[in-house]
Participant: 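Pasting a structure below so you can have a look.
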Amino acid sequence: MSVKNLKQKKIELRSKYKKIRQNMPLDKKQQLDKSLFENFVNNIEYKNAKTILAFVSKDIEVDTTEIINKAFSDNKTVAVPLCNTEEKLMDYYIIKSFDDLEKGSYGLLEPITDRCEKVTDFTSSICMVPGLVYDQSGYRLGFGKGYYDRFLIDYSGVTVGVCYSRCIEQELPRGFYDKPIDLVITDKFTLDTRNM
């Protein structure tokens, strides 16, 4: 597939899955989020992790607030990303509660840096990775900004995609630099792509 065709296909898929998520009735979304939460916190990777690199969800994303609250109550270290929009990079900062967040880049809730410590050691961590759609091999389509792609190049911990089961494709178009996620946890099943 040519670069031009690849970009066009990704645009079409992003549009399709944004619509699916935007049109999901709230009660159905809450039900799926609850099932996904259960699957996430009962996964061995979550149980073994000391640090959860989380993202604070937007309306059309899988709700991560309950996962973050559970990690707080399980005495895990919780860190969320801060986007550097000039360099298109992100760093993680430890938060103690949602009060450590403020609205930042792209309308996302981000850590208040003067009260949060930057993460420099990613030992025993798992990284939650947002995606509009995943495929059976763990490849994803995000929102197209590339922050996670750049961060994950040097990240050696376990990567965990959270996604609704209706937003899984057999195979997504992928570029040379695209990297699969280790686990994809949905409301119905978990895909472990490391043994593929």
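For the numbers below, each heavy atom of this structure counts, side chains included, while hydrogens, waters and symmetry mates do not. Computed from a prediction, not measured in an experiment: that's the story for all the values here.
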Participant: Among pairs that include at least one residue of residues 100-112, which meet salt bridge (charged side-chain N to carboxylate O under 4.0 Å, His left out), considering only residues two or more places apart or in two chains?
Facilitator: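 Sorted pair list: Asp100-Arg115.
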Participant: Quick one: are Tyr93 and Glu117 in side-chain contact, heavy atoms under 4.5 Å?
Facilitator: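 Tyr93 vs Glu117: side chains apart.
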Participant: Could you check if a side-chain atom of Ile94 sits within less than 4.5 angstrom of a side-chain atom of Cys116, using non-hydrogen atoms only?
Facilitator: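 No, side chains not in contact.
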Participant: Test side chain to side chain contact (heavy atoms under 4.5 Å, CB included) on Met24 and Ile60; report intermediate values, then the result.
Facilitator: CA-CA 9 Å; Met24 195 184 294; Ile60 67 168; over 6 Å; no
Participant: Does any pair with a residue in residues 49-72 pass salt bridge (charged side-chain N to carboxylate O under 4.0 Å, His left out), and if so which ones, sequence neighbours excluded?
Facilitator: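 Only Lys70-Asp74 qualify under salt bridge (charged side-chain N to carboxylate O under 4.0 Å, His left out).
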Participant: Between Tyr17 and Leu26, is there shared hydrophobic-cluster membership here, with clusters defined by ILVMFWY side-chain heavy atoms closer than 4.5 Å?
Facilitator: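 Unlinked, Tyr17 and Leu26 end up in two clusters.
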Participant: Might you point out which heavy atoms bring Pro173 and Lys9 nearest each other, and give the distance in Å?
Facilitator: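 Closest heavy-atom pair between Pro173 and Lys9: CG-CG, 3.6 Å.
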Participant: Tell me, please, which residues at least two apart from Gln136 pass side-chain contact (heavy atoms from CB on, under 4.5 Å).
Facilitator: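 Residues passing side-chain contact (heavy atoms from CB on, under 4.5 Å) with Gln136: Ile168, Gln170, Leu191.
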Participant: Between atom OH of Tyr134 and atom OG1 of Thr193, what is the distance when rounded to the nearest 0.5 Å?
Facilitator: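 It comes to 10.5 Å.
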Participant: Rounded to the nearest 0.5 Å, what separation is found between the OG1 atom of Thr190 and the CZ atom of Phe40?
Facilitator: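 The CZ atom of Phe40 is 10.0 Å from OG1 of Thr190, to the nearest 0.5 Å.
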Participant: Ignoring hydrogens, what is the shortest heavy-atom contact between Leu132 and Cys163? Give both atom names and the distance.
Facilitator: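 Where Leu132 meets Cys163 most closely, the heavy atoms are O-SG, 4.3 Å.
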Participant: Test side chain to side chain contact (heavy atoms under 4.5 Å, CB included) on Val162 and Phe55 and set out the steps.
Facilitator: CA-CA 11 Å; Val162 286; Phe55 65 93; 3.8 Å; yes
Participant: State the CD-OH distance between Glu87 and Tyr147, to the nearest 0.5 angstrom.
Facilitator: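 Output value for this atom pair is 10.0 Å.
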Participant: Taking only residues at least two apart or on different chains, which pairs with a member in residues 176-196 satisfy salt bridge (charged side-chain N to carboxylate O under 4.0 Å, His left out)?
Facilitator: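 Every salt bridge (charged side-chain N to carboxylate O under 4.0 Å, His left out) pair that includes a residue of residues 176-196, provided the two are not neighbours, is Lys10-Asp178, Glu45-Arg194, Asp192-Arg194.
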Participant: Please examine the side chains of Ile126 and Leu53, heavy atoms only from C-beta on, and report whether any two atoms are closer than 4.5 Å.
Facilitator: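 No - every pair of side-chain heavy atoms lies 4.5 Å or more apart.
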Participant: Please name the pair of heavy atoms, one in Arg21 and one in Cys167, separated by the smallest distance, quoted to 0.1 Å.
Facilitator: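 That closest heavy-atom pairing would be NE-SG, 3.9 Å.
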Participant: Could you tell me which non-hydrogen atom of Ile52 sits nearest to which non-hydrogen atom of Ala71, and how far apart they are?
Facilitator: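 Heavy atoms of Ile52 and Ala71 come nearest at CG1-CB, 4.0 Å.
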Participant: Minimum heavy-atom separation for Leu152 and Cys127, please, with both atom names.
Facilitator: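 Heavy atoms of Leu152 and Cys127 come nearest at CD2-SG, 4.3 Å.
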Participant: Which ring pair (Phe, Tyr, Trp, His ring centres under 6.0 Å) pairs, counting each pair once, include a residue from residues 109-132, with sequence neighbours left out?
Facilitator: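 For residues 109-132: Phe122-Phe151, Phe122-Tyr155.
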Participant: How about Ile112 and Asp114: do any of their side-chain heavy atoms sit closer than 4.5 Å?
Facilitator: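 Yes, at least one pair of side-chain atoms sits under 4.5 Å.
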Participant: Share the residues that join Phe98 in a hydrophobic cluster, the rule being Ile, Leu, Val, Met, Phe, Trp or Tyr side chains under 4.5 Å apart at the heavy-atom level.
Facilitator: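 Cluster partners of Phe98: Val56, Ile68, Phe72, Val78, Val80, Ile95, Leu101, Leu109.
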Participant: Of all heavy-atom pairs between Gly138 and Val184, which one has the smallest distance, and what is that distance?
Facilitator: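 Reported closest heavy-atom pair: CA-CG2, 4.1 Å.
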Participant: List the steps, then state whether side chain to side chain donor-acceptor pair (under 3.5 Å) holds for Tyr164 with Lys29.
Facilitator: CA-CA 9 Å; Tyr164 299 119; Lys29 182 182 188 305; 3.2 Å; yes
Participant: If we only count heavy atoms from C-beta on, is the Asn48 to Ser124 side-chain gap below 4.5 Å?
Facilitator: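 SC-SC contact between Asn48 and Ser124 ruled out.
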Participant: Does one hydrophobic cluster hold both Val158 and Ile44, with members joined at side-chain heavy-atom distances below 4.5 Å?
Facilitator: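 They do not share one cluster, since no chain of ILVMFWY contacts under 4.5 Å joins Val158 to Ile44.
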Participant: Assigning hydrophobic clusters by single linkage (Ile, Leu, Val, Met, Phe, Trp, Tyr; side-chain heavy-atom cutoff under 4.5 Å), is Val160 placed with Phe37?
Facilitator: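 Yes.
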Participant: Going by the side-chain contact (heavy atoms from CB on, under 4.5 Å) test, name the single residue among Val62, Ile67, Asn43 that passes it with Ile185.
Facilitator: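 Of the listed residues Val62, Ile67, Asn43, the side-chain contact (heavy atoms from CB on, under 4.5 Å) partner of Ile185 is Asn43.
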Participant: Under the side-chain contact (heavy atoms from CB on, under 4.5 Å) rule, collect the residues that match up with Pro81, sequence neighbours excluded.
Facilitator: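 Pro81: side-chain contact (heavy atoms from CB on, under 4.5 Å) contacts with Met90, Tyr92, Tyr148.
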Participant: Considering residues at least two apart in sequence or located in another chain, which fulfil the salt bridge (charged side-chain N to carboxylate O under 4.0 Å, His left out) criterion with Lys19?
Facilitator: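 By the salt bridge (charged side-chain N to carboxylate O under 4.0 Å, His left out) rule, Lys19 matches no residue at all.
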Participant: With Glu169, which residues qualify under salt bridge (charged side-chain N to carboxylate O under 4.0 Å, His left out), at least two apart?
Facilitator: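 Glu169 satisfies salt bridge (charged side-chain N to carboxylate O under 4.0 Å, His left out) with Lys16 once adjacent residues are dropped.
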Participant: Taking the side chain as everything from C-beta on, heavy atoms only, tell me whether Ile11 gets closer than 4.5 Å to Leu13.
Facilitator: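 The answer is no, as the side chains (C-beta and beyond) never meet within the 4.5 Å cut-off.
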Participant: Can you list everything that forms a side chain to side chain donor-acceptor pair (under 3.5 Å) with Asp135? Sequence neighbours excluded, please.
Facilitator: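 By the side chain to side chain donor-acceptor pair (under 3.5 Å) rule, Asp135 matches Arg174.
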Participant: Can you confirm whether Thr123 sits close enough to Thr51 that some side-chain heavy atom of one is under 4.5 Å from a side-chain heavy atom of the other?
Facilitator: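 A side-chain contact under 4.5 Å is absent here.
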Participant: If a pair satisfies salt bridge (charged side-chain N to carboxylate O under 4.0 Å, His left out) and one of its residues is in residues 148-158, list it, with sequence neighbours excluded.
Facilitator: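 Output for this query lists Arg140-Asp149.
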Participant: Could you give the distance from OG1 (Thr120) to CG (Asp91), rounded to the nearest 0.5 Å?
Facilitator: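 With rounding to 0.5 Å, OG1 (Thr120) is 10.5 Å from CG (Asp91).
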Participant: Should Leu172 and Val133 count as side-chain neighbours, where that means a heavy-atom distance under 4.5 Å?
Facilitator: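 Yes, side chains in contact.
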Participant: Return the CG to CG distance between Leu89 and Leu82, rounded to the nearest 0.5 Å.
Facilitator: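 Leu89 atom CG to Leu82 atom CG measures 11.0 Å (nearest 0.5 Å).
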Participant: Among Ile, Leu, Val, Met, Phe, Trp and Tyr joined by side-chain contacts under 4.5 Å, find the other residues sharing a cluster with Ile153 and list them by chain and number.
Facilitator: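 Joined to Ile153, directly or through intermediates: none.
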